[in-house]
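Please read the structure below before turning to the comments.
Position 1 is the first residue of the sequence; numbering continues from there. Every number for a ligand or one of its atoms is a count from 1 in the order of the listing.
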Amino acid sequence: MPHHIVLIPGDGIGPEVCAATKRVLAATSVHIAWEEQPAGIAALEAGFDDALPEVTIEAVKRTKIALKGPTNTPKGAGHVSANVRLRKALDLYASVRPVKSIAGIKTRYDNVDLVVFRENTEGLYAGIENEISKNVIVSIKVVTEAASLRIARSAFEYARKHGRKKVTAVHKANILKKGDGLFLNCARRVAEEYPEVGFDDAIIDACCMRLVKDPTEFDVLLMENLYGDIISDLCSGLVGGLGVVPGANVGDDAAVFEAVHGTAPDIAGKGLANPTALMKSAVLMLAHIGELSASERLEVALNRVLEQGEARTGDLGGQATTDDFADAVIAALS
Ligand code: NAI
């Protein structure tokens, strides 16, 4: 029986990195029946009147799994982010981003190994903004006990399952005493249920400083939406940038796997994009659907190609195209 998986190519470099990842997945011999659906500007250009068509949401609800390229979100005005809406529509409350050093990619640190757990459904991304008087805007940050408890629980469950030593709750509860205070309190309560996993907390600004000084002191990082958005990009910079970090958006009923990076309009359509992040997201996806050996083989092949360095894309200082890189990974698989 094939795995039924929705492919959402998205905008900009999305279709390029999706096509390369699809080729690599085919080479693993895992039998996947793809169903392609649009989102983002691609959906509007395809004639839908919505950047996240109902047909796309329904498809992911049905298959429960999607691999997604990035989608464009206009700044300041225009449509609401298709990503934010997809996460809400499918209740994908946990954004999980493993950040690990890759042998051969020279950065300031060579032993980074941490996982960012970001609450995906509320915080400032609840999208509640009001103009309370002329030129005075109030953006509301929503923190609920239910959402805070479940993201904390998924971080601790992950830590337990993967033998992680410590969860650090990241917050600004010294200033946002009620909202972030509730988030921190929920994390503390859940921590008591997992005595085998260590727990501490860090204020977001100090945490940023400590991350750039010595990222190895962290293990699993647990935080609300906006902090998670910023910290995951910061962490990607510790291991080689946006082109190499994978992501998963996971709920109780569905999971969407996507890279951390955006549509990279500056290089879109040129065949220059680094598909590593989406391929690493596919590694997570294969593990999620129970294809553990294919997941491991693909990860080993990717790391081998990156370490050898002959098929590196421009963002990593090489000259390979997206397709050259995919070819090298396929060769390393066999
Ligand atoms: P970006 O991630 O698209 O680009 C930032 C820089 O990183 C650019 O110089 C780009 O060329 C480079 N880059 C990103 N991915 C790369 C890759 N795979 N290979 C090589 N270089 C890569 O971020 P930006 O410019 O802030 O956002 C552009 C658009 O993407 C916006 O419309 C934004 O809303 C959207 N976006 C979508 C996301 C998603 O769908 N998950 C996530 C982040 C941004």
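The shortest contact between atom 42 (C) of ligand 1 and any protein heavy atom is with H261 O, 3.6 Å. Counting only heavy atoms of the protein, atom 31 (C) of ligand 1 lies nearest to N72 OD1, 3.9 Å. Ranking the protein heavy atoms by distance from atom 12 (C) of ligand 1 puts A264 CB, 4.4 Å first. The shortest contact between atom 34 (O) of ligand 1 and any protein heavy atom is with T73 N, 3.4 Å.
The part of P265 lying near ligand 1 is the side chain, judged by heavy-atom distances below 4.0 Å. In N274, the parts holding a heavy atom less than 4.0 Å from any atom of ligand 1 are both the side chain and the backbone. Residue I13 touches ligand 1 through its side chain alone, judged by heavy-atom distances below 4.0 Å. Of the heavy atoms in D266, only side-chain atoms (C-beta onward) come closer than 4.0 Å to ligand 1.
No salt bridge links D180 with K172; every basic N to acidic carboxylate O contact stays at or beyond 4.0 Å. For D91 and K61, the salt-bridge test fails: no basic side-chain N is under 4.0 Å from an acidic carboxylate O. Using a 4.0 Å cut-off between charged nitrogen and carboxylate oxygen, D50 and R85 count as a salt-bridge pair. A salt bridge links E258 with R87: at least one charged nitrogen is closer than 4.0 Å to a carboxylate oxygen.
Each of the following atoms of ligand 1 lies closer than 4.0 Å to a heavy atom of K68: 40 (O). Residue-ligand proximity, E258 to ligand 1, at heavy-atom distances under 4.0 Å covers atoms 41 (N). Listed by number with element, the atoms of ligand 1 under 4.0 angstrom from any heavy atom of T71 are 35 (C), 36 (N), 37 (C), 39 (C), 40 (O). The I267 neighbourhood of ligand 1 comprises atoms 11 (O), 20 (C), 21 (N), with distances under 4.0 Å to a heavy atom of that residue. In summary, the atoms of ligand 1 found under 4.0 Å from a heavy atom of P70, numbered by their order in the structure, are 39 (C), 40 (O).
At under 3.5 Å, a nitrogen or oxygen of G262, whether backbone or side chain, sits near a nitrogen or oxygen of ligand 1. Checked against a 3.5 angstrom limit, the closest N/O atoms of N83 and ligand 1 fall inside it.
Protein non-hydrogen atoms do reach within 4.0 Å of atom 1 (P) of ligand 1. Not a single protein heavy atom sits closer than 4.0 Å to atom 26 (O) of ligand 1. The protein does not reach atom 6 (C) of ligand 1 closely, with no heavy atom under 4.0 angstrom from it.
Which of T263, T322, D11, I8 comes nearest to atom 29 (C) of ligand 1 through a heavy atom is settled by distance: it is T263.
Side-chain atoms of R304 come within 3.5 Å of backbone N or O of A332 as a donor-acceptor pair.
Counting heavy-atom neighbours within 6.0 Å of D266 CG, excluding the residue itself, gives a total above 12. The 12-atom threshold is not exceeded at CD of Q319, counting heavy atoms of other residues, nucleotides or ligands nearer than 6.0 Å.
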Next item on the list: Determine, stepwise, if the pair D323 / R23 fulfils salt bridge (charged side-chain N to carboxylate O under 4.0 Å, His left out).
Entry: CA-CA 9 Å; D323 280 339; R23 275 206 300 132; 3.4 Å; yes
Next item on the list: Evaluate the salt bridge (charged side-chain N to carboxylate O under 4.0 Å, His left out) criterion for residues K64 and D253: first the C-alpha distance (whole Å), next the side-chain angles of each, then the deciding distance (0.1 Å), finally the verdict.
Entry: CA-CA 6 Å; K64 304 187 186 308; D253 300 320; 5.8 Å; no
Next item on the list: Go through the steps for H171 and Y227 under the test ring pair (Phe, Tyr, Trp, His ring centres under 6.0 Å), then give the verdict.
Entry: CA-CA 8 Å; H171 60 87; Y227 307 153; 8.4 Å; no
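Cation-pi geometry between R118 and Y125 is met: the NZ or CZ atom falls under 6.0 Å from the ring centre, inside 45° of the normal.
For the ligand labelled ligand 1, residue V260 lies inside the 4.0 Å heavy-atom shell.
Counting all heavy atoms, side chain and backbone alike, A20 lies closest to T322 at CB-CG2, 3.9 Å.
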